[in-house]
There are 4 protein chains.
Amino acid sequence: MDADPTTRHRRRDAAATRAALLHAARSLMARHGVEGTSTRDVAAAAGVNQTLVYRYFGSKEKLFAEAACAGAESPNIVTKTPLAELPRALLDRALDLTQAEESGDLAALVGAANDEHVRAVLRDRIEKSFGALAARLDGPDADLRAELVAAILIGVGLLRHKIGTTATSTADRETLAIYVDRMMATLIRPSP
Amino acid sequence: MDADPTTRHRRRDAAATRAALLHAARSLMARHGVEGTSTRDVAAAAGVNQTLVYRYFGSKEKLFAEAACAGAESPNIVTKTPLAELPRALLDRALDLTQAEESGDLAALVGAANDEHVRAVLRDRIEKSFGALAARLDGPDADLRAELVAAILIGVGLLRHKIGTTATSTADRETLAIYVDRMMATLIRPSP
Amino acid sequence: MDADPTTRHRRRDAAATRAALLHAARSLMARHGVEGTSTRDVAAAAGVNQTLVYRYFGSKEKLFAEAACAGAESPNIVTKTPLAELPRALLDRALDLTQAEESGDLAALVGAANDEHVRAVLRDRIEKSFGALAARLDGPDADLRAELVAAILIGVGLLRHKIGTTATSTADRETLAIYVDRMMATLIRPSP
Amino acid sequence: MDADPTTRHRRRDAAATRAALLHAARSLMARHGVEGTSTRDVAAAAGVNQTLVYRYFGSKEKLFAEAACAGAESPNIVTKTPLAELPRALLDRALDLTQAEESGDLAALVGAANDEHVRAVLRDRIEKSFGALAARLDGPDADLRAELVAAILIGVGLLRHKIGTTATSTADRETLAIYVDRMMATLIRPSP
DNA sequence: CATGAATGAGTATTCATTCAT
DNA sequence: AATGAATGAATACTCATTCAT
């Protein structure tokens, strides 16, 4: 598919270039934050020319804003998983770094959200995803309780993958799941 | 006696200048992250000349590393508060923005930790503070459970003060305390 | 076709820009030394944007190192000129300031060599150029005698063009040639 | 002489501090040039406070200008040494690095003379020292011939101590003296 | 006499961004 | 569609210099 004789310069089509830039942006953003990542870094990681950032996204800020939303299109976990299994499902997703880089890990994005645009995108994204969870919760303060589920994921994800405190980083997933499940259960079950 | 308008040069008080720089660094770091804050910004916020950053701290990185440590000297809450009252005490401290800026709010620091030096300082700080809590916990995985207490504070703090999701930002403190208390209780009480 | 006043951006000619920067660097370096010349000065003298120094050379040091090399590609004088005529030929070249600025005058470079990188380049350059002369000399200490030929050119060049002592600066070239010829003759002729 | 009980802060008297600064300035200037040496470097090398540069010399430029003249007060070599022995005497002085740093080696100063003030001082110094030699020379162009004696010292000194070309750096002094003697002889003897 | 505190202008270097091809 | 050339504003950091004690 690279041998199309009509393309000379064009190894990748536009869509692939865009996607490569978004992927690189997400990955670098998780590690170094928005301000700590240059458009040159992103372009280099994507293997394309720096100016294509501007061709496809208009500005650095817009690139990162779009990078922060992309991947949020699969909130199926939140809406489809039986509530009893939800904590474990969410934890698995949060701890799967590969998927995290692909689809934009919540904790990584929160940790990188020092840019107001990114923050706005992220706010919307969280409210939409966990708003869907709130709709499934009985009892009072459903919105708040749903957001607190997100808070746990964010806190655990940051300690494990960004700060790297010993216990949280080295705990095996099963052990971690026990405590996360207990914490989230207090939020998901209707108040006693 | 500080308002004498005839002085062109600032009051010559090394300790006060250092402290002003640290305070400004902590405040800006919480809002814009380390990479998003310039030494000029810090100096301007502190009302002192930019070069004093270098006179007193040697480099931007060292300034922020020290800013991330400072304030950790009061872990009395963690060690002295009765366990039953600890969740509320920790939450109060985390939500008190004034004190947060003074003494280095945990969530704010985590959100700004895109710099490896800052991360290292923060890791040590968390492990020391919450290691002291772990020592008070009965049952297995005390270290992990203590760190998860920190995770909750970080998650809630970031949602409320940095991302600003609606429910968490607007919840009154009493309501928030109910759920935080329940979550933390599952960690603090010996496992059933 | 270079004088079109409607172009805001300079003519896009990478080779010309590089060359202009090298030329400016050599010229300023001769007058103010490496440490005394800023990249802004160089860019301004070349009429180009300062950042192009970094695009084309990577750093100030590399710019000046390359400036110190360039021009050494014409050691034909040393290898081709009959030995009897060599002193005059070398003197003419050393006193021709126009050519000196173009191709990197020996004395000027030596006078500017307070940077270790520049010194290294210059050392190699002198050893190569005057090593070729040594190969043509009969008798003992050929290498040393060849380098002493260079020493004379350096000493005379510095006194005449940099320090500006009266006699050496105002002497006409013919008179100077008499004495330089005598001095060099003692080096070039096989020892008696 | 340090135990005077009436001095508290004053380890060195004013004259000693001045001298220490001049000594340090000369030494650093020879190695890194004027522009490459900061007043802080000088003060540190002299073991005194940086501001004393301004107390004693008024400015960096004046410090270095004075450093460039100091030490020139012993032109006895030029005036007293029998002409036949002069080349060797001058060479010995030029190659004695210890004395060079103390009294301001000619070549080192020339190599550092990228500052106009320093150049002016140096010009005067050379013209005075070697003007005294000119007065002893018979025949035409005495001034020029005397300056060319200086040129040889400068060229040899720079190659040997600053650039470090192999032959000149490694030659033993006796061998070097042979050729320097021959070169200078063509200048000192009345023209044939 | 000596020193630490403070300053503003400058340095090398990198950034996001635009132009021309 | 894609690329190299060019730009101006910013960044971290250093300098020579002055003030206050």
Side-chain angles (χ1 to χ4, degrees), chain A residues 7-14 17-18 35-43 48-61 63, chain B residues 7-18 35-43 47-61 63, chain C residues 7-18 35-43 48-61 63, chain D residues 7-14 17 35-43 48-61 63:
Chain A
T7 62
R8 257 208 280 172
H9 272 220
R10 228 180 58 202
R11 288 230 187 113
R12 313 175 117 149
D13 58 331
T17 298
R18 258 188 75 99
E35 314 275 351
T37 305
S38 72
T39 59
R40 190 152 29 185
D41 292 341
V42 176
V48 309
N49 187 279
Q50 186 184 181
T51 60
L52 296 183
V53 167
Y54 297 89
R55 183 165 205 51
Y56 288 121
F57 300 93
S59 75
K60 178 190 179 182
E61 222 163 18
L63 163 65
Chain B
T7 59
R8 244 212 320 249
H9 286 48
R10 195 193 171 73
R11 293 263 326 297
R12 286 160 188 276
D13 183 339
T17 299
R18 254 189 77 98
E35 312 274 354
T37 305
S38 72
T39 59
R40 248 204 297 246
D41 293 342
V42 176
V48 308
N49 186 281
Q50 184 185 185
T51 60
L52 297 180
V53 168
Y54 299 91
R55 172 180 253 281
Y56 291 117
F57 300 94
S59 73
K60 177 188 180 181
E61 215 160 27
L63 164 64
Chain C
T7 59
R8 244 211 320 248
H9 285 47
R10 195 193 170 72
R11 292 263 326 297
R12 285 159 189 276
D13 183 341
T17 299
R18 253 190 78 99
E35 313 274 354
T37 305
S38 72
T39 59
R40 247 204 296 247
D41 293 341
V42 176
V48 309
N49 187 280
Q50 184 184 186
T51 61
L52 297 180
V53 167
Y54 298 90
R55 174 180 252 282
Y56 290 118
F57 300 94
S59 74
K60 177 188 179 181
E61 216 161 25
L63 164 65
Chain D
T7 63
R8 257 209 278 173
H9 271 220
R10 228 180 58 202
R11 280 218 201 123
R12 313 176 119 144
D13 57 332
T17 298
E35 315 274 352
T37 306
S38 71
T39 58
R40 190 155 26 185
D41 292 341
V42 176
V48 309
N49 187 279
Q50 187 184 179
T51 60
L52 296 183
V53 168
Y54 297 89
R55 183 167 204 50
Y56 288 121
F57 300 94
S59 74
K60 178 190 180 184
E61 222 164 18
L63 163 65

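FYI, side chains are in, hydrogens and waters are out, and symmetry mates aren't considered; it's all heavy atoms of this structure. First the proteins, then the strands, lettered A, B, ... as listed; each starts at 1.
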Exercise. Name all residues meeting the side chain to side chain donor-acceptor pair (under 3.5 Å) criterion together with D:Gln50; count only those two or more places apart in sequence or in a different chain, and write none if there are none.
Key: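 Partners of D:Gln50 under the side chain to side chain donor-acceptor pair (under 3.5 Å) test: D:Thr39.
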Practice problem: For C:Ser59, check side chain to side chain donor-acceptor pair (under 3.5 Å) against everything at least two apart and list the hits. | Solution: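 C:Ser59 satisfies side chain to side chain donor-acceptor pair (under 3.5 Å) with no other residue.
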Without decimals, in angstroms, what is the distance between [X] [atom1] and [N] [atom2]?
X	N	atom1	atom2	value
D:Phe57	F:dT17	CZ	C1'	16 Å
B:Arg18	E:dA6	CZ	C1'	16 Å
B:Arg55	F:dT18	CZ	P	16 Å
C:Leu52	F:dA6	CG	P	6 Å
C:Leu63	E:dT13	CG	P	10 Å

Self-check item: Protein proximity profile, nucleotides 10-15 of chain F - base contact B, sugar-phosphate-only contact S, no contact -, cut-off 4.0 Å on heavy atoms
Solution: -BSBBB
Self-check item: Stem regions touching DNA chain E, defined by at least 3 consecutive Watson-Crick or wobble G-U pairs below 3.5 angstrom
Solution: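 Looking at DNA chain E, the stems formed by three or more consecutive pairs are E:2-21 with F:2-21.
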Quiz prompt | Partners meeting side-chain contact (heavy atoms from CB on, under 4.5 Å) with A:Thr51 (sequence neighbours left out) | solution =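 With neighbours one apart ignored, the set is A:Asn49.
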Quiz item: Shortest non-hydrogen contact from C:Lys60 to C:Tyr54?
Solution: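 In this case the closest contact between C:Lys60 and C:Tyr54 is N-CE2, 4.2 Å.
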Quiz item: At under 4.0 Å between heavy atoms, what does D:Tyr56 touch on the DNA or RNA strands: base, sugar-phosphate, or nothing?
Solution: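 Sugar-phosphate: the residue D:Tyr56, judged by heavy atoms under 4.0 Å, touches backbone atoms but no base.
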Self-check item: Residue-phosphate contact under 4.0 Å: D:Thr17 side-chain N/O, E:dC1 OP1/OP2
Solution: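 Indeed not, no polar side-chain atom of D:Thr17 lies that close.
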